[in-house]
Amino acid sequence: MVNGNQGNSMKDSQAVKADILLVDDTPENLRLLGAALSKKGYKVRSVINGSMALMGAQAAPPDLILLDICMPGMNGYEVCEKLKANGKTADIPIIFISALDEVLDKVKAFGAGGVDYVTKPFQFEEVIARIENQLTIRRLQASLEALNGALEARVKERTLELEAEILERKKAQEKLLYLAMHDPLTHLPNRTLLMEELVKALEDCREREDYGFAVMFLDCDRFKRVNDSLGHTIGDKLLIEVANRLQSCLRSEDMLSRLGGDEFAILFTSVQDANWVLDIAAQLNHKLLTPFQIDEYEVYINASIGIVFNCDRLYQQLPFPIQGKIAYDNPDHLLRDADTAMYRAKEAGKGHYQIFNPQMHNQALKMLHLENSLRRALERDEFILYYQPIVSLKRGKIIGFEALLRWYHPQRGFISPSEFIPAAEETGFIVPIGEWVLKSACQQVKQWHDQEIGEHPLTISVNLSVRQFGQPDLIPNIDQILQTTQLDSRSLKLEITESVIIEHPEAVMAIFDELKSRWIKLSLDDFGTGYSSLSYLHRFPMDTLKIDRSFVQQIDEGGKNLEIVQAIVSLGHNLGMEVIAEGIETPQQLAHLRDLGCDYGQGYLFSKPVDAKASETLLKRDLRW
Ligand code: C2E
Ligand code: MG
Ligand code: MG
């Protein structure tokens with residue numbers, strides 16, 4: 001190793017001649033040698049004994065030492081050994097000088113650390129040549145060491161760089177993996193990670209037959225409304241808060257994951273007691289009861305929860321028995337069944353939980369099957385419209401019809417709307433079906449108008465589902481149908497139920513205004529069975545109230561229903577509406593309704609709903625009641 005001082009002096013020696021320390025107890029020798037070296041340009045220091053040599057070398061290490069062997073006190077070998085033993089002076093090349101009459105022990109000289117020797121009397125040229133040799137060796141050694149040092153430093157630096165690179169790459173990989181497995185909003189595990197964990201849980205089951213676990217599917221009720229009304233930023237904050245609250249009810253080993261939107265799933269591993277999971281479900285619902293404070297808004301939300309257990313053992317622990325054997329080997333099925341149970345919970349009312357049972361799956365399959373059949377029915381023209389006459393009670397004549405949908409199934413024959421309309425509404429299929437109904441009904445009545453059959457202008461009442469009312473293109477669709485069928489819009493009456501007003505309170509008024517501006521009439525169907533909130537009745541431009549047939553059918557059984565019907569008739573009239581009674585089956589009912597001043601009637605007494613041809617016959621017979 002080259003120490004700092006020596007490194008510098010060596011560098012200098014390339015520019016200036018080297019620094020040489022002469023050690024000899026004979027002053028004459030010192031003088032002669034010193035003069036010769038100085039003449040050659042060397043910087044020369046002279047000392048006369050060993051201890052001075054040690055001191056001088058220690059204070060300012062020379063580039064080379066010429067060292068006499070025979071000196072009083074410390075001899076040259078001892079001085080040399082001391083210099084070699086000291087780190088600061090160890091590397092200084094030492095050339096021994098010995099007089100001819102002295103016995104030169106060459107082996108001892110090299111053994112003590114000398115690099116060369118000269119014997120007195122000497123020729124100056126030889127001494128200088130030996131000095132130059134040693135200095136050159138020293139210089140080369142020093143530059144080799146410097147090079148080695150630089151190389152070592154470079155290797156070290158590169159190793160550090162590579163280590164940093166590897167670390168960075170590892171970090172990037174970890175980050176990618178994290179992103180692939182987590183939801184960026186809540187930082188919870190996502191569906192992919194959940195699926196992996198479900199696969200592991202199922203493997204555990206295969207290894208240990210009694211291993212139990214549970215999956216919860218959780219959907220936030222009313223979340224969409226928060227998002228729509230307060231915006232996505234609030235919606236996002238709410239989801240994070242919901243995730244935090246849910247997490248606070250769970251053990252560290254339970255895995256809460258976000259599946260997307262307002263849907264979460266929880267995997268409970270190592271479940272001993274199924275009832276414990278039910279307790280957690282109740283706790284989760286309870287935890288969500290307290291309103292959330294999101295910025296300046298107080299937001300209420302709750303969740304519907306579906307629960308599925310992996311094995312019969314856990315189902316057997318429940319307080320109520322579940323029919324059917326349950327076993328899973330597919331993680332998708334676990335999640336599907338938890339989802340199905342969640343939908344059941346939603347149907348039961350918001351903020352509930354439901355445990356999956358196999359019947360639910362069958363029902364879900366049935367629904368799926370029905371949806372497919374409905375799609376095919378529309379494609380294959382299996383729908384037919386029937387028409388039921390509406391009679392003016394004052395004049396006893398047919399003034400219009402209500403269009404009622406029928407499904408003629410190739411295997412099952414006629415299927416009543418009460419069987420398939422709820423499913424069509426749930427799946428959204430009611431929208432294309434409803435459009436078909438409206439178009440067919442308008443076409444039919446326009447044809448009767450053109451043929452001048454029946455009283456003019458014959459009206460057509462078409463039922464409109466809640467789902468259709470929520471469609472943004474409802475009005476353009478109606479315009480389009482009126483345009484293509486060329487039906488006078490004043491002959492069209494739309495029948496809606498109170499649920500339309502309840503479910504679309506914001507949109508309803510604007511749509512009503514649009515309809516009114518086209519002279520399309522509005523009828524409130526099944527009046528009396530819904531919420532019947534009298535407070536809203538006067539605010540909406542309804543033309544007709546349709547008394548539900550449950551009131552009409554008991555009208556002659558006692559005074560109570562008669563009074564209710566009477567109240568509805570006068571309510572309608574007071575609000576400037578006409579009143580229709582549905583489900584008139586007997587002449588007595590008809591008589592009562594006439595007495596009460598009800599405007600129109602509809603029911604089996606006049607005619608059941610019949611196909612277009614039979615309706616035409618009814619019109620042509622010009623019946624009177
Ligand atoms: P709604 O609109 O209240 O239709 C009246 C229902 O009462 C019809 O049943 C009709 O056949 C029945 N009805 C009429 N008079 C009598 C009677 O004297 N006695 C008895 N017992 N029943 C009578 P339907 O055709 O089975 O329709 C049931 C419901 O299905 C309808 O109730 C309506 O809500 C819905 N619906 C029918 N067609 C359509 C449609 O094209 N679109 C939509 N969205 N819903 C429809
Ligand atoms: Mg109706
Ligand atoms: Mg009705």
Side-chain angles (χ1 to χ4, degrees), residues 374 377-378 382-391 393 398 400-408 414-445 459-471 474 477-478 481 492-500 503 521-530 542-556 579-590 592-593 598 600-612 614-615 618 625:
L374 284 173
L378 201 60
E382 289 171 9
F383 290 117
I384 307 160
L385 277 190
Y386 268 37
Y387 299 91
Q388 187 177 34
I390 296 171
V391 173
L393 297 191
I398 297 175
F401 287 90
E402 176 175 6
L404 291 160
L405 185 60
R406 298 291 178 265
W407 177 8
Y408 188 75
F414 274 111
I415 303 180
S416 135
S418 56
E419 256 188 75
F420 66 86
I421 291 226
E425 288 196 323
E426 192 165 315
T427 57
F429 228 73
I430 192 70
V431 174
I433 296 176
E435 256 173 55
W436 177 87
V437 169
L438 188 62
K439 188 168 174 199
S440 309
C442 290
Q443 240 163 11
Q444 184 56 68
V445 178
T459 60
I460 183 74
S461 301
V462 177
N463 293 288
L464 215 61
S465 105
V466 181
R467 198 67 186 254
Q468 280 172 284
F469 225 82
Q471 295 297 307
L474 174 72
N477 278 342
I478 292 175
I481 287 168
L492 177 61
K493 190 177 257 186
L494 297 177
E495 293 199 0
I496 57 164
T497 54
E498 285 166 282
S499 52
V500 167
E503 293 205 18
K521 297 197 179 62
L522 274 169
S523 184
L524 193 59
D525 207 350
D526 304 339
F527 188 74
T529 58
M542 226 57 74
D543 299 281
T544 314
L545 274 189
K546 237 180 148 172
I547 309 174
D548 190 70
R549 72 165 182 267
S550 54
F551 299 106
V552 173
Q553 291 189 338
Q554 286 159 28
I555 203 171
D556 36 19
V579 181
I580 303 186
E582 272 189 317
I584 305 175
E585 291 183 357
T586 66
Q588 290 82 356
Q589 289 164 355
L590 174 61
H592 278 307
L593 288 158
C598 183
Y600 304 102
Q602 193 182 339
Y604 293 173
L605 177 68
F606 309 114
S607 166
K608 285 194 167 182
V610 289
D611 65 17
S615 306
L618 279 176
W625 287 275

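Every value quoted in this text rests on a predicted model; they were computed, and no experiment measured them. Whatever order the structure lists them in is the order used to number ligands and atoms, beginning at 1.
For Tyr604, a nitrogen or oxygen atom sits less than 3.5 Å from a nitrogen or oxygen atom of ligand 1, counting backbone and side chain alike. Considering backbone and side-chain N/O atoms, Glu582 comes within less than 3.5 Å of an N/O atom of ligand 1.
Contact annotation: for Lys608 versus ligand 1, there are no heavy atoms closer than 4.0 Å. By the criterion of a heavy-atom distance under 4.0 Å, the side chain of Asp526, and not its backbone, is placed next to ligand 1. The side chain of Val437, and not its backbone, has at least one atom closer than 4.0 Å to an atom of ligand 1 (non-hydrogen atoms only; side chain from C-beta on).
Leu405 has its side chain within reach of Leu385: a pair of non-hydrogen atoms, C-beta onward, lies under 4.5 Å apart. Side chains of Thr544 and Glu495 form no contact here, defined as non-hydrogen atoms less than 4.5 Å apart. At a threshold of 4.5 Å between non-hydrogen side-chain atoms, the residues Leu593 and Ile555 count as touching. Between Ile430 and Leu374, every side-chain heavy-atom pair lies at or beyond the 4.5 Å cut-off.
The Ile421 neighbourhood of ligand 1 comprises atoms 36 (N), 39 (C), 43 (C), 45 (N), 46 (C), with distances under 4.0 Å to a heavy atom of that residue. Under a 4.0 Å criterion applied to the non-hydrogen atoms of Arg406, ligand 1 contributes the atoms 11 (O), 25 (O). Of all atoms in ligand 1, listed by their number and element, those nearer than 4.0 Å to a heavy atom of Gly583 are 15 (N), 16 (C), 17 (C), 18 (O). Against a heavy-atom cut-off of under 4.0 Å, Glu585 is close to the following atoms of ligand 1: 17 (C), 18 (O), 19 (N), 20 (C), 21 (N). Atoms of ligand 1 found under 4.0 Å from any heavy atom of Asp525 (numbered from 1 in listed order, with element): 1 (P), 2 (O), 3 (O).
For the 3.5 Å distance criterion, the side chains of Gln388 and Gln602 qualify, holding a donor opposite an acceptor. No donor-acceptor contact under 3.5 angstrom links the side chains of Asn477 and Gln471, judged on distance only.
Among the backbone and side-chain atoms of Glu495, an N/O/S atom is found under 2.8 Å from the Mg ion (ligand 2). Residue Ser461 does not count as close to the Mg ion (ligand 2), with no N, O or S atom under 2.8 Å.
Of the possible donor and acceptor atoms, one in the side chain of Gln589 sits under 3.5 Å from a partner among the backbone N and O of Thr586.
Salt bridge absent: Arg406 and Glu382 never bring a charged side-chain N and a carboxylate O closer than 4.0 Å.
Checking Pro609, Pro422, Gly603 against atom 11 (O) of ligand 1, the nearest heavy atom belongs to Pro609. When the heavy-atom distances from atom 28 (C) of ligand 1 to Ser523, Ala403, Pro417 are ranked, the shortest goes to Pro417. Among Gln602, Gln468, Gln388, the residue whose heavy atom sits closest to atom 15 (N) of ligand 1 is Gln388.
The aromatic rings of Tyr387 and Phe401 stand perpendicular to each other, their planes meeting at an angle above 60°, with 30° marking the opposite boundary.
When distances from the Mg ion (ligand 2) to the N, O or S atoms of Asp525 are compared, OD2 comes out shortest.
Heavy-atom distances between Glu402 and ligand 1 reach below 4.0 Å in at least one pair. At least one heavy atom of Gln553 sits less than 4.0 Å from an atom of ligand 1.
Legend: residues meeting side-chain contact (heavy atoms from CB on, under 4.5 Å) with Leu605, ordered by chain and number and at least two apart, are Ile584, Pro587, Leu590. In this view, Tyr408 and Ile384, Phe414 satisfy the side-chain contact (heavy atoms from CB on, under 4.5 Å) rule, not counting sequence neighbours.
Of the angles at the Mg ion (ligand 2), the one spanning OE2 of Glu402 and OD1 of Asn463 is 90° when given to 10°.
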Worked check of side-chain contact (heavy atoms from CB on, under 4.5 Å) between Asp548 and Phe527:
CA-CA 5 Å; Asp548 190 70; Phe527 188 74; over 6 Å; no

